[in-house]
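Working notes for the structure below.
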Amino acid sequence: LSFAKNSNGVVIFRLDSDGLFGNSPLQVGQKVVSINGQTCPSEVADAIKLVQEATQYVEIEAVDVLYHWSEEDKKAMAREERQEQAKSDEDSPSAVSAMAGKGATGANGH
C-alpha cells in the first residue's frame, strides 16, 4: 500500500495485491481517515510513520471521495512514490476500514 497527498488529504495511491491489504476493501483513491484509531495526519510521511510504528496490527479507515486527479496531482504522487521506494525496499504494512496482523495471512474488513 502506498499513500499520496492531494487536495482531499492523504489518500491511497497504490495497493499491492500480494501485500497485507491486498484482499481488503480498501481502494485506490480513498481518503485515509484514521490509522490504528488515530486521525490520519495531513502529511504522507507522518501517515507512513503511524503504520510503521504499529506492533501487532494495522487498521486503516478510508472513505470514498469524488475527485478528478489532475496531471499535477499525478506527477506529485509519482514523485512521492519514487522517494518512498528510494527510502526503503521493504514493504511497510500500510493499508475502508481494514485490519491486518503483521504476521497474519489476511485482513478483516470493518
Side-chain angles (χ1 to χ4, degrees):
L1 172 74
S2 293
F3 296 134
K5 183 177 176 179
N6 65 24
S7 62
N8 288 313
V10 174
V11 296
I12 297 171
F13 179 64
R14 186 186 70 206
L15 283 167
D16 182 357
S17 61
D18 295 329
L20 268 177
F21 293 98
N23 292 322
S24 76
L26 295 173
Q27 296 179 10
V28 171
Q30 289 180 314
K31 177 181 178 180
V32 179
V33 177
S34 67
I35 300 171
N36 287 341
Q38 296 183 21
T39 300
C40 183
S42 60
E43 297 299 323
V44 170
D46 295 330
I48 291 169
K49 185 176 179 183
L50 279 179
V51 171
Q52 291 173 334
E53 289 174 347
T55 56
Q56 295 182 3
Y57 68 91
V58 177
E59 182 177 16
I60 293 181
E61 181 180 359
V63 295
D64 292 329
V65 291
L66 295 176
Y67 185 76
H68 174 72
W69 296 90
S70 70
E71 288 304 312
E72 183 177 318
D73 283 336
K74 290 176 186 176
K75 288 176 185 176
M77 288 186 299
R79 277 192 307 275
E80 286 181 19
E81 184 169 346
R82 286 191 302 272
Q83 290 171 350
E84 181 182 327
Q85 288 176 347
K87 288 180 184 178
S88 172
D89 291 335
E90 296 179 15
D91 283 341
S92 296
S94 314
V96 185
S97 170
M99 181 167 50
K102 285 197 170 181
T105 57
N108 298 318
H110 293 275

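If you're wondering where the values come from, they're calculated on a predicted model, not measured in any experiment.
- Taking all atoms of both residues into account, the shortest heavy-atom contact from Phe3 to Phe13 is C-CB, 3.9 Å.
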Go through Asn36 and Glu59 one step at a time and tell me if the side-chain hydrogen bond (donor to acceptor under 3.5 Å, both in side chains) criterion holds.
CA-CA 5 Å; Asn36 287 341; Glu59 182 177 16; over 6 Å; no

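- Here Leu20 contributes atom CG and Tyr57 contributes atom OH; the two are 14.0 Å apart, rounded to the nearest 0.5 Å.
- Considering every non-hydrogen atom in both Ala47 and Val10, the closest pair reads CB-CG1, 4.2 Å.
- Going from atom SG of Cys40 over to atom CG of Asp46 covers 9.0 Å, rounded to the nearest 0.5 Å.
- Scanning both residues, Val44 and Ala4, for their nearest heavy atoms gives CG2-C, 3.5 Å.
- If you take CD on Glu61 and CD on Gln38, they are separated by 13.5 Å, rounding to the nearest 0.5 Å.
- Screening residues 27-37 for salt bridge (Lys or Arg N to Asp or Glu O under 4.0 Å), with sequence neighbours left out, gives no hits.
- One distance of note links CG of Asp64 with CG of Asn8; it measures 11.0 Å at 0.5 Å rounding.
- Interatomic distance, CD of Gln52 versus CD1 of Ile35, reported as 10.5 Å (0.5 Å rounding).
- Phe21 pairs with exactly one of Ser17, Pro25, Ser24 by the side-chain contact (heavy atoms from CB on, under 4.5 Å) rule, that one being Ser24.
- With hydrogens and angles ignored, the 3.5 Å screen pairs no side-chain donor or acceptor of Asp16 with any backbone N or O of Leu1.
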